[in-house]
Asker: 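My structure is below; once you've seen it, I'll send some questions.
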Amino acid sequence: MNILQTYQTFYFVGIGGIGMSALARYFNASGKNVLGYDKTNTKLTQNLMNEGIDIVFEDLIDERITSLQKEETLVIYTPAIKTLGILDFFNQNQFEVLKRAKVLGLITENTDCIAIAGTHGKTTTSTLVAHLCKEADLPFSCFLGGISENFKSNFLYNGSTYSVVEADEYDRSFLNLSPDWAVVTSTDADHLDIYGDINHIEEGFRQFAALVPQDKQLFVRKGLEIGRGHQTYAVNEPADYYSDNLRMDHDKIYFDFHTPTETVKDFVWEIPGIHNVENATVALAILHNLGADFDTLKKAIANFKGIKRRYTKHIYQNGKIYIDDYAHHPTEINAVMSSIRTFYPDKKLLVAFQPHLFSRTRDFADGFAESLSKADELILLDIYPARELQENFEGITSSWLLDKVILNKKEVSTLSDAFEKIKEKDFDILLTVGAGNIDTLYDPICEWIQKI
C-alpha cells in the first residue's frame, strides 16, 4: 500500500513554492486536512487560503502544530528551506518528514509518469504537455512549475492513468521520480551551489535519463549527450521529431511538424520564440506517441494560452506594451530579449530585472551583464535572496552587477521604489523579469499603463 494513504493531515513547510503548492492542492482536492508555513504571503498563498488551506507566516510552534498527531500527519518540506523552528519541531518529535520530490514520486508511481526535465523550458513544456493531454481527453493529473493560463492553476486532476510532472533538478530532486516517459530540454550550468560545476550537472541529468525504462520513451533535444539511447527533437534541423518552415504573421507563429514517417503542415500558435517552438515540438512528439490525432493537437496548440509569467504580454490602446517574465538565468533572459527584438526591433525597451539568489548572480554575472545590456534602459532591483544570506556573499550586490552592464541609462532600485521609477521613464515596451517577488509589481503596472 502507498504510505500516503495512511495519513489524514499534510503539513507543508514552504507551502508557497510553486511545486509545493501543486502537491498541497492535490491533497486538498483529495479531502485531506492541509496546512502549512511560508515566509511570505503572496498571491499564490492567498489563493491557497481561499481554497481552504490554513497557512501561517511566522515560525512559531503554536497549538495548530502541537495538536497534530504524528501517526496521522505527514510533513512535506522543500530543500530550499535550510533552518526553521517548525521543521526542527517535527524532526525532534519523530514525525514522518519527506522531501517534496519524494512525495511527488509516491503520488505518481502508479501512473504512467511523463516527467519533463531541463535547466530551461521545463515549465512551458510540461504545461503544454498537460494542456494537450486535456484537449485529447486523456485521463491524467499534472503537477506544474507554473500557473497555466488555460487551467488557472499549477494542478489539474482529469484522471490517474497518466501524470505530467515538472522534474526539478535542484538538489537532485528529480532522481526521486519514476518516469515512464521523459524529456530533457537542456543541461546548461545552473544551481552551482548544489552541483559545483557543469560536469556534475550533466551527470545528474544522465542519472535522471537512466530512470526511463525504454529508449523510445525518452526525448532529448538534439545535440545533448545523455549517455543512453533516446529519441531526438529539434527545430530547423532534421531529428527524429522536428519542426521547420517557421514564419510569423500578425504575432502568430506557423510551423510544420515532422515525425519519422510523416509531415503535418501549418501548426499555428501565439507563443513567441524559436525556443518555444522547440518546446511544442517535443510536446507534440509525446502526444503523438500516446495516440492523439493531429487534428486534435492542431486545435490544442492554437488555443494554448501559455503560462503566467512566461512572456505574459499586454498591448494597450495607447501603444504601450508590457511583458512580464519569470526568466532568472542569462540564457532565459536572452531568449526573452531576442523575442522582443524580433517582433519589435525599433521600439524603446525598458527592463526592470530582479536577480534571484546571490550565488546565481555571482556565478553568472558576466552573462547577466551581457543580456541586460541589450535593453535601452535598465532598472536593476536588489537581489532576491530566497534561501541565502547576504553575509555569506560579501560584495555580491546589484550595484556590483550594474557596473558590469554596458548601458548609459541604468540604475539600482529597491522593490518598493521600482514602480515610481518606472512611471518616470520613457519607453515603448516595459519588461519586468525575475523569479523573486517582482511579480508584486504586475497589477499596479497593468492598472497604471491602462490609464496613461
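For this chain, numbers begin at 1 and follow the sequence in order.
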Asker: Before we go on, tell me: are the rings of Phe368 and Phe353 under 6.0 Å apart, centre to centre?
Answerer: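 Yes, the ring centres sit under 6.0 Å apart.
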Asker: Would you name the heavy atoms of Phe155 and Cys142 that are closest together and state the gap between them?
Answerer: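 So the two residues come closest at CD1-O, 3.3 Å.
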Asker: Is the NZ or CZ atom of Lys299 both under 6.0 Å from the centre of the six-membered ring of Phe294 and within 45° of that ring's axis?
Answerer: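 So Lys299 doesn't make the cation-pi contact.
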Asker: Could you list the residues that satisfy side-chain contact (heavy atoms from CB on, under 4.5 Å) with Asn289, not counting sequence neighbours?
Answerer: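 Residues passing side-chain contact (heavy atoms from CB on, under 4.5 Å) with Asn289: Trp181, Phe219, Gln231, Tyr241.
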Asker: Okay, side chain of Arg206, backbone of Gly227: is any donor-acceptor separation there less than 3.5 Å?
Answerer: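 Such a contact is absent between Arg206 side chain and Gly227 backbone.
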Asker: List the steps, then state whether side-chain contact (heavy atoms from CB on, under 4.5 Å) holds for Ile333 with His328.
Answerer: CA-CA 7 Å; Ile333 296 173; His328 53 285; over 6 Å; no
Asker: Checking Arg228 side chain against Ala209 main chain: does a donor-acceptor pair fall under 3.5 Å?
Answerer: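 Yes, Arg228 side chain to Ala209 backbone: donor-acceptor pair under 3.5 Å.
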Asker: Counting N and O atoms only, with roles assigned by atom type, does the side chain of Asn176 sit under 3.5 Å from a partner on the main chain of Leu104, one being a donor and the other an acceptor?
Answerer: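 Flag not set: sc Asn176 to bb Leu104 has no pair under 3.5 Å.
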Asker: Would you check if there is a donor-acceptor pair between the side chains of Thr123 and Glu166 at a distance under 3.5 Å?
Answerer: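 Distance-only check passes for Glu166 and Thr123.
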Asker: Which atom names give the shortest non-hydrogen contact between Leu44 and Gly16, and what distance separates them?
Answerer: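 It is CD2-O, 3.4 Å.
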Asker: Do Lys298 and Glu135 sit within salt-bridge range, that is, some charged N less than 4.0 Å from a carboxylate O?
Answerer: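 Not counted as a salt bridge, because no side-chain N and carboxylate O are separated by less than 4.0 Å.
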Asker: Applying side-chain contact (heavy atoms from CB on, under 4.5 Å), can you list everything that pairs with Ala182, at least two apart in sequence or on another chain?
Answerer: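 Scan of Ala182 (side-chain contact (heavy atoms from CB on, under 4.5 Å), adjacent residues dropped) gives Pro179, Phe208, Val212, Leu218.
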Asker: Thr45 and Asn41: side-chain donor and acceptor closer than 3.5 Å?
Answerer: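 A donor-acceptor contact under 3.5 Å links the two side chains.
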Asker: Looking at Cys446, is its backbone amide N or carbonyl O close enough to the side chain of Gln450 to form a donor-acceptor pair, meaning the two atoms are under 3.5 Å apart?
Answerer: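 Pair absent, no side-chain N/O of Gln450 close to backbone of Cys446.
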Asker: Using distance alone, with no hydrogens and no angle criterion, decide if Thr125 and Thr185 have a side-chain donor and acceptor under 3.5 Å apart.
Answerer: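 Note: Thr125 and Thr185 side chains miss the donor-acceptor criterion.
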Asker: Check salt bridge (Lys or Arg N to Asp or Glu O under 4.0 Å) between Asp366 and all other residues, then give those that pass, not counting sequence neighbours.
Answerer: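 Applying salt bridge (Lys or Arg N to Asp or Glu O under 4.0 Å) to Asp366 gives Lys404.
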Asker: Indicate whether the side chain of Ser243 and that of Thr281 have a donor and an acceptor atom separated by less than 3.5 Å.
Answerer: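 Yes, Thr281 and Ser243 have a side-chain donor paired with an acceptor closer than 3.5 Å.
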Asker: Once you measure the plane-to-plane angle for Phe151 and Phe140, does it fall in the parallel (<30°), tilted (30-60°) or perpendicular (>60°) bin?
Answerer: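 Phe151 and Phe140: tilted rings.
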Asker: Could you verify whether a donor N or O on one side chain and an acceptor N or O on the other, from Asp168 and Ser173, lie under 3.5 Å apart?
Answerer: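 There is no such pair (donor and acceptor under 3.5 Å, judged by atom type) between the side chains of Asp168 and Ser173.
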Asker: Indicate yes or no for a side-chain donor-acceptor contact from Asn28 to the backbone of Glu51 under 3.5 Å, with no hydrogens or angles considered.
Answerer: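 Checked: pair present.
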Asker: Cation-pi check, Lys313 to Tyr322: give yes when NZ or CZ is under 6.0 Å from the six-membered ring centre and within 45° of the ring axis, no otherwise.
Answerer: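 Ring-cation test returns no.
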Asker: For Thr232, what residues pass the side-chain contact (heavy atoms from CB on, under 4.5 Å) criterion, not counting sequence neighbours?
Answerer: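 Result, side-chain contact (heavy atoms from CB on, under 4.5 Å) vs Thr232: Lys222, His230, Ala239, Asp240.
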Asker: Tell me yes or no: between the side chains of Gln354 and Asn437, is some donor less than 3.5 Å from an acceptor?
Answerer: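 A pair is found: one side chain offers a donor N or O, the other an acceptor, under 3.5 Å apart.
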Asker: Describe, in one word, how the ring planes of Tyr316 and His314 are oriented to each other, choosing from parallel (under 30°), tilted (30 to 60°) and perpendicular (over 60°).
Answerer: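 Tilted: the ring planes of Tyr316 and His314 meet at 30° to 60°.
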Asker: Does the side chain of Asp417 pick up a donor-acceptor pair with the side chain of Thr414 at under 3.5 Å?
Answerer: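 Present: a donor and an acceptor within the cut-off.
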Asker: So, using ring pair (Phe, Tyr, Trp, His ring centres under 6.0 Å) as the criterion, who are the partners of Tyr254 when residues are at least two apart?
Answerer: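 Partners of Tyr254 by the ring pair (Phe, Tyr, Trp, His ring centres under 6.0 Å) criterion come out as none, since no residue qualifies.
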Asker: With no hydrogens and no angle check, do the side chains of Thr263 and His258 hold a donor and an acceptor under 3.5 Å apart?
Answerer: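 Short answer, yes.
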Asker: Apply side-chain contact (heavy atoms from CB on, under 4.5 Å) to Asn154 and list each qualifying residue two or more places apart in sequence or on a separate chain.
Answerer: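 In terms of side-chain contact (heavy atoms from CB on, under 4.5 Å), with neighbours along the sequence ignored, Asn154 is linked to Ile18, Ser21, Ala22, Arg25, Leu144, Ile147.
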